[in-house]
Each structure stands twice: as C-alpha cells, then as structure tokens.
Amino acid sequence: MTFRLPPYPYDRLAGLAEVAGAHEGGLVDCSIGTPYDPPSPAVIDALATSGTERGYPASAGSAPLREAAAAWLTRRFALDDVPPSTVAACVGTKEFVASVPHLLRLRMPDKDTVLYPAVSYPSYAMGAELAGCRAVAVPAVSGRLGGLDLDAIDPGDAARALVLWSNSPSNPTGGLGDLGAEAAWGRDHGVPVFSDECYAEFTWDGPPRSVLQHGSDGVLAVHSLSKRSNLAGVRVGFYAGDPELVEFLRAVRQHAGLMVPGPAQAAGVAALADDAHVEVQRARYAERLAFLAGVLADYGCPVALPAGGFYLWVPVPTARWSDAWVMAEALASDGGLLVSPGDLYGEDGAGHVRVAVVQPTERLALVGERLAMVRHG
Ligand SMILES: Cc1ncc(COP(=O)(O)O)c(C=O)c1O
C-alpha cells in the first residue's frame, strides 16, 4: 500500500489562527513550543565568529562540542563521568527522533515496533511510520500525567520492539516519569530505552533528571539546545549513553551525511558552557506558567501547574464545551489565544488543550484582559 502522510499537526490550526487573529492587537500564539525569547549574546557571538564556515563539520560533533555536552551532562545531573566518546551531535532532536527507527532497524532487522508514550510529541510515532514500522502507544500510569505503564506493554510488542521512547518532563502533559524503572524494564526485555530529556532544564518538581543517572547500559539520553538556550533556529542537539548504541548511530549518521553546521556547533559550545541564561529562562517560564494558570482559572478553566516543561495541560471543562477543539475555538474567539487541542498528541489527549507559555507576559496579560471582558460581558 502506498504510504499516505497525515496532515502536519499544526497545519490543522489555521482556522483557529484566523479567528484569534481577528482581535485588535492580534493573535497570541501559544500553540507551538517554539521559543520567542532571545538566546544569550555570547552564543550569537560564537555563531558569527567561529571561522568554521569553509570546511565540513564533524558529523559526530566537534571535540569541543562533545566535551561541552559531556561536561554539561556531568554537571547538571551529578553524574560521575560521561566520556565525550559516548556523546554525539544531532541536527536538533526532531530529525533524530524521526529517523532513529529506520536506523535501528538496520541493526535489528528482525524487529519492527516502536513503543512510545500514548500522549506525546507526535514525532515518536511518525518516526515509526516513516520507517514502515509499527507504532505502539504505551499508556501513562493510571491517574498520572507522566510515566509509562510498563506493565501494560504486551510481551509480543516488547519482543518486537526496536526502542522504547520516554519523555520526561513530558510534552504535552508536563508529567515526570520513573526513568529508573524504564531503564530497568528495557534491560530486562532487551529493548533500548531512549529518553527524550529536552525539557530537563525546566523541571519544577525537584532537580532535573536523566536516564543516565541509572547507568548507561542499553539507554540513551537525548538533549536539545532548542528549548534550553532558545536556539531552535540553530539546530543543535545531542545524544549520549550506551557506548555501543552511540557508536552505531554515530557511524550510520555519518554515512547519511547528517551534520550540525560548524557555526552552530560553536554556538552550542558557548551555550553549554553557560548556565546563567538558563536560570533567566527558567524564571520567565515559571512566572508565565503561574500567570496564565491564573488567567485561565478566572475564565473557568482551572489547571494544575506542571511538574516540568513550559506547557499548561488544561482539562476541558466538559459542562461548558464538548471537546478540546470547541474549547480552543472559544479561547481563540474570546481571548485571541491560539492553543493546541490535545488530540494532536494522541487520542488519550482529547480531553485537554495544551498552552505553551512562550509569549512574553505582556501578551499573556492581553489575553487575560480580553477573557475578563467576556466574563464580565
Ligand atoms: C518532546 C520533544 N522532543 C523533541 C523536540 C524537538 O526539538 P528540536 O528538534 O528543536 O531539538 C521537541 C520540540 O518541540 C519536543 O517537544
């Protein structure tokens, strides 16, 4: 059968964007998790002055980039030692997430299944589909927003699994998973566990966590500078962990011609060496999460603050709206606010909308004023 691509998730929001954009003062776009705040000046300087434009960059990442990433992992997660040889670069993590099933299948041709969180970033399942694999959703632990219900995984699916994806803090729910239990499950079942930790710096409930705190055997931690350092436009990510897995992926990705541009690698080194700009960004997101949660509560949509990440995962008040799309339409028409209906992240997300607090607080305040006018009508 010919492969049929589904519509790109965010393209489905065009109608809502038009409704929200009709407001004087324009649309306040909280639908996509793309940073709007500036990167640090030292990073921009590194981009402009690295002198790396002429030659081909190292596919695995330059020695300084791999060292900076290893040093950051060691520092941020209090790890004993991360050898730079067990870290390699990717061109932002989306391409890594979307391509990994295809590459892992070269290593394990008898396996054809990708296990991924039932409510999650859509690229885990898309990567499976692009590789002609089965995407099998793993439900969250009952009553929790994060963590995988490992007991719910069918043994037949486990036997066929190329990888188990984990994402903590979770996009979209903000929940935290039990990375130790997931790593142990992977080792018991011979399934590599890939832990997407791109929101780790924005962990609110306790210190940031990495799967690498539970050993590197059979696991990979996947990180990105897109969110941490407001560098989504520069495309720098990296993966680290099991030496054999890293070496396999590094080698095959080199053959495939995947390279982070040299100036972007230099920017990555500067970004990873500095934690101060991350503290500033953490404070921004923490303030906005609390502010917008208050605005939404006043509008009759109470929401708990997330344990991590920069999204509010807002339950649809079902007495008021029939589903997340109707709620998103109301937020667009009443507040000029564009949000993502939760079913973009899987069927189990259908009872929520996701709001990314990427816009400056003044813009969120504008939404608050508009919604208050409707309320007091
Ligand atoms: C959970 C998750 N993983 C990966 C990515 C990809 O980020 P990037 O490709 O910019 O590193 C995103 C982006 O929104 C995400 O939310």
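This structure is a prediction, so every number in the text was calculated from the model and none was measured. Note that ligands are numbered from 1 as they come in the structure, with each ligand's atoms numbered from 1 the same way.
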Close approach, Y199 and ligand 1, non-hydrogen under 4.0 angstrom
yes
Ring-plane angle category for Y121 and Y124, please: parallel below 30°, perpendicular beyond 60°, tilted otherwise.
perpendicular
Is it the case that R320 places NZ or CZ above or below the six-membered ring of Y299, under 6.0 angstrom from the centre and within 45 degrees of the axis?
yes
Go through the side-chain N and O atoms of S170 and S168 and say whether any donor and acceptor fall under 3.5 Å apart.
no
For ligand 1, is V97 a contact, meaning one of its heavy atoms is under 4.0 Å away?
no
Where does R235 meet ligand 1, judged by heavy-atom distances below 4.0 Å: at the side chain, the backbone, both, or neither?
side chain
Once side-chain contact (heavy atoms from CB on, under 4.5 Å) is applied, do any residues pair with D242, and if so which ones, sequence neighbours excluded?
D217, E244, L245
Tell me the nearest of H223, K227, K94 to atom 14 (O) of ligand 1, using heavy-atom distances.
K227
Would you check whether S224 has a nitrogen or oxygen atom less than 3.5 angstrom from a nitrogen or oxygen atom of ligand 1?
yes
Tell me whether ligand 1 is touched by Y345 - counting only heavy atoms on the residue side and a distance under 4.0 Å.
no
Return yes or no for this condition: an N or O of D196 is under 3.5 Å from an N or O of ligand 1.
yes
From the options F96, W165, Y121, select the one whose nearest heavy atom is closest to atom 12 (C) of ligand 1.
Y121
May I ask you to decide if the ring planes of W72 and F77 are parallel, tilted or perpendicular, using 30° and 60° as cut-offs?
perpendicular
C198 heavy atom under 4.0 Å from ligand 1
yes
Polar side chain donor-acceptor pair, R134 to T113, under 3.5 angstrom
yes
